[in-house]
Every structure is written in C-alpha cells, then in structure tokens.
Amino acid sequence: MESLLGITAKDCVILAADSTKAHSISVMKHDQSKIFKLGPSTAMVVAGEAGDPEIFGDFMQKNTALYNIKNQYNLGPHGQANVIRRYLAESLRSRRPYGVFLLLAGCTEDEGSSLYYMDYLGSLAKVPFGAHGYGAYFSLSIMDRLHKPDCSREDAIGIMRECIKEIQHRLIINLPSFKIYAVSKDGVEEVEEEQAMQS
C-alpha cells in the first residue's frame with residue numbers, strides 16, 4: 001500500500017514517500033517518516049513488510065557510519081548502492097530476508113545526481129526516475145513524459161507534485177499525505193508535505 005517516488009534533477013534528487021503506516025487492512029500511523037540519511041548528501045526512502053523498513057534503514061545507517069569511521073572515507077552513492085545491494089542479496093539467502101523496496105539518492109561532485117532503484121531480491125539499477133508500490137502504476141508515465149535530464153529543482157518538485165496529485169486522485173487506497181525531500185550537495189532537507197487534494 002506504500003508509495004515511494006524519486007526523480008533526478010540537474011543539481012539534486014527529489015524523493016517522495018507517503019507518510020501512512022498500515023498493517024493488513026488497518027492504518028496505524030499517518031506521520032511515518034520513511035527516509036533514512038546515510039551521509040551528508042545521500043539518503044534512501046524505504047518501504048516494505050511490517051517492521052523491515054525501520055530495521056533495515058537503521059541497520060544501513062549504522063553500518064554506513066561505522067564504515068566511514070573505520071576507513072575515514074565517505075562512500076559515494078554508487079558505493080553505498082552496491083553495499084546495500086550486497087546486504088539485500090545476502091539476507092535473501094538467510095532464514096529471515098528483509099522484505100524491503102527502496103530508492104537511494106545521492107548528489108556529489110564526482111557522480112552528480114544519482115538515483116538507484118532496489119528491491120528485496122537485490123536488484124539494482126541506476127535510473128533517472130523511479131517508483132515503488134501502487135503509486136508506480138500512476139506516476140511512472142508522468143515522470144517519463146515530463147522528466148528531462150537537465151531539469152531544475154523546481155521543475156522536479158513540480159513533476160513530483162503532479163505524480164502525487166494523480167496517485168491521490170486515482171488510487172483506490174487513501175494516501176492522504178506525502179513528504180517530499182531534496183538531496184543535494186548541501187545535504188538532505190524536507191521540502192514540504194503534500195496533503196490530499198481538497199475536492
């Protein structure tokens with residue numbers, strides 16, 4: 001029932017995640033944060049089976065911090081994506097795999113704006129835009145039509161708003177609010193919370 005969205009711009013990556021936490025047919029929370037900051041200019045939004053996103057997100061935050069301290073080196077988005085993919089692939093072959101879907105975003109001088117799409121099977125792809133969950137059925141066509149590789153931050157936020165508006169209008173499941181984040185060289189910041197349409 002969750003929706004994660006991401007789109008690259010010239011100098012940043014815009015991420016959005018619904019803020020609903022549900023279990024079975026019940027809504028548990030309406031203000032769940034699904035973003036995990038992994039570094040000064042890297043973050044991921046995570047969704048999945050109950051409990052797994054929080055556990056896996058915290059696990060990756062702590063392991064990234066430990067790696068940075070041990071090696072006195074910050075991994076870039078590409079390196080972090082491959083480390084996360086490895087953990088997902090290893091957990092898949094264990095007794096208790098993580099049932100998570102995620103979008104990893106980063107922006108560095110060397111790599112520019114990067115968005116990585118991953119799922120619970122350990123699949124990894126660098127994409128210009130991506131989505132997970134039921135919202136993907138409505139948003140990917142909008143992103144495909146409107147996204148340009150050199151779009152500005154404001155244009156990317158506008159595209160994200162269009163996607164959220166379409167999800168809230170057409171999806172039978174009620175996702176009343178989304179949180180939108182910008183990941184740039186300056187850091188990770190919450191841009192706004194997009195509330196349900198008043199109509």
Side-chain angles (χ1 to χ4, degrees), residues 2-20 30-47 53 57 61 74-78 80-81 101-118 124-171 173-199:
E2 300 165 302
S3 291
L4 307 177
L5 310 169
I7 189 165
T8 57
K10 185 169 59 175
D11 56 352
C12 69
V13 181
I14 305 300
L15 294 173
D18 71 285
S19 53
T20 301
H30 286 289
D31 59 350
Q32 178 73 32
S33 176
K34 297 180 181 173
I35 190 163
F36 295 90
K37 297 177 186 176
L38 300 178
S41 59
T42 312
M44 66 179 181
V45 286
V46 187
Q61 272 184 326
N74 288 332
L75 280 173
H78 180 74
Q80 287 180 340
F101 302 88
L102 63 100
L103 295 171
L104 173 75
C107 192
T108 61
E109 294 287 337
D110 300 335
E111 298 178 35
S113 300
S114 309
L115 180 65
Y116 294 91
Y117 176 99
M118 283 179 256
L124 170 65
K126 185 175 181 181
V127 293
F129 53 84
H132 278 297
Y134 287 122
Y137 293 109
F138 304 107
S139 59
L140 286 173
S141 60
I142 295 170
M143 291 181 192
D144 187 46
R145 184 169 38 95
L146 299 177
H147 179 261
K148 293 179 178 41
D150 61 342
C151 69
S152 68
R153 175 184 166 130
E154 291 74 27
D155 291 340
I157 291 172
I159 295 168
M160 197 62 73
R161 281 193 190 121
E162 284 295 315
C163 293
I164 292 168
K165 188 170 113 181
E166 195 68 19
I167 291 168
Q168 290 174 335
H169 181 70
R170 296 186 60 201
L171 186 62
I173 300 164
N174 183 23
L175 299 175
S177 64
F178 280 76
K179 292 184 179 179
I180 301 175
Y181 307 93
V183 180
S184 67
K185 294 174 190 136
D186 301 327
V188 181
E189 62 176 312
E190 185 174 342
V191 177
E192 62 191 53
E193 187 165 342
E194 194 73 19
Q195 297 296 328
M197 298 180 306
Q198 303 297 322
S199 58

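Note that the coordinates shown come from a computational prediction; the quantities given were computed from them, not determined experimentally.
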Next item on the list: For side-chain contact (heavy atoms from CB on, under 4.5 Å), just list the numbers for Leu38 and Gln61, CA-CA rounded to whole Å, side-chain angles, deciding distance to a tenth of an Å, and then say yes or no.
Entry: CA-CA 5 Å; Leu38 300 178; Gln61 272 184 326; 4.0 Å; yes

Next item on the list: Indicate yes or no: at least one non-hydrogen side-chain atom of Ile167 is less than 4.5 angstrom from one of Phe178.
Entry: yes

Notebook entry, point to check: How long is the span from the CD atom in Glu166 to the NE2 atom in His169, to the nearest 0.5 Å?
Noted result: 6.5 Å

Can you list, pair by pair, the side-chain donor-acceptor contacts under 3.5 Å of residues 5-18, counting residues two or more places apart and other chains?
unit_1: Thr8; atom_1: OG1; unit_2: Pro128; atom_2: O; d: 2.9
unit_1: Thr8; atom_1: OG1; unit_2: His147; atom_2: NE2; d: 3.3
unit_1: Asp18; atom_1: OD1; unit_2: Ser3; atom_2: N; d: 2.7
unit_1: Asp18; atom_1: OD1; unit_2: Lys34; atom_2: NZ; d: 3.1
unit_1: Asp18; atom_1: OD2; unit_2: Thr20; atom_2: N; d: 3.2
unit_1: Asp18; atom_1: OD2; unit_2: Lys34; atom_2: NZ; d: 3.1

Notebook entry, point to check: What are the two closest non-hydrogen atoms of Ala81 and Tyr116, and how far apart are they?
Noted result: CB-CG, 3.7 Å

Next item on the list: Examine distances only and state if a side-chain atom of Glu111 and a backbone atom of His78 form a donor-acceptor pair shorter than 3.5 Å.
Entry: yes

Next item on the list: Can you measure from SG (Cys151) to CD1 (Ile157) and round to the nearest 0.5 angstrom?
Entry: 10.0 Å

Item checked: Over all atoms of both residues, closest heavy-atom pair of Leu104 and Pro77 -> CD2-O, 3.6 Å

Notebook entry, point to check: Mind checking whether Lys185 and Thr108 have side chains closer than 4.5 Å, heavy atoms only?
Noted result: no

Check: Partners of Pro53 by side-chain contact (heavy atoms from CB on, under 4.5 Å), sequence neighbours excluded?
Finding: Val46, Val100

For residues 131-146, tabulate all N or O donor-acceptor pairs below 3.5 Å that involve a side-chain atom, not counting sequence neighbours.
unit_1: His132; atom_1: NE2; unit_2: Leu102; atom_2: O; d: 3.2
unit_1: His132; atom_1: NE2; unit_2: Met118; atom_2: O; d: 2.9
unit_1: Ser139; atom_1: OG; unit_2: Gly135; atom_2: O; d: 2.8

Item checked: Residues which pass side-chain contact (heavy atoms from CB on, under 4.5 Å) with Asn74, listed by chain and number, not counting sequence neighbours -> Pro40, Asn68

Check: Taking only residues at least two apart or on different chains, which pairs with a member in residues 148-160 satisfy salt bridge (charged side-chain N to carboxylate O under 4.0 Å, His left out)?
Finding: Arg153-Glu189

Margin query: Please report the interatomic distance OG(Ser177) to CD(Gln32), rounded to the nearest 0.5 Å.
Written below: 11.0 Å

Check: Would a distance-only check, ignoring hydrogens and angles, find a side-chain to backbone donor-acceptor pair under 3.5 Å from Ser19 to Lys179?
Finding: no

Notebook entry, point to check: Looking at residues at least two apart in the chain, or sitting in another chain, which of them share a salt bridge (Lys or Arg N to Asp or Glu O under 4.0 Å) with Glu190?
Noted result: none

Notebook entry, point to check: What is the distance from atom CE of Met44 to atom CG of Leu103, rounded to the nearest 0.5 Å?
Noted result: 11.0 Å

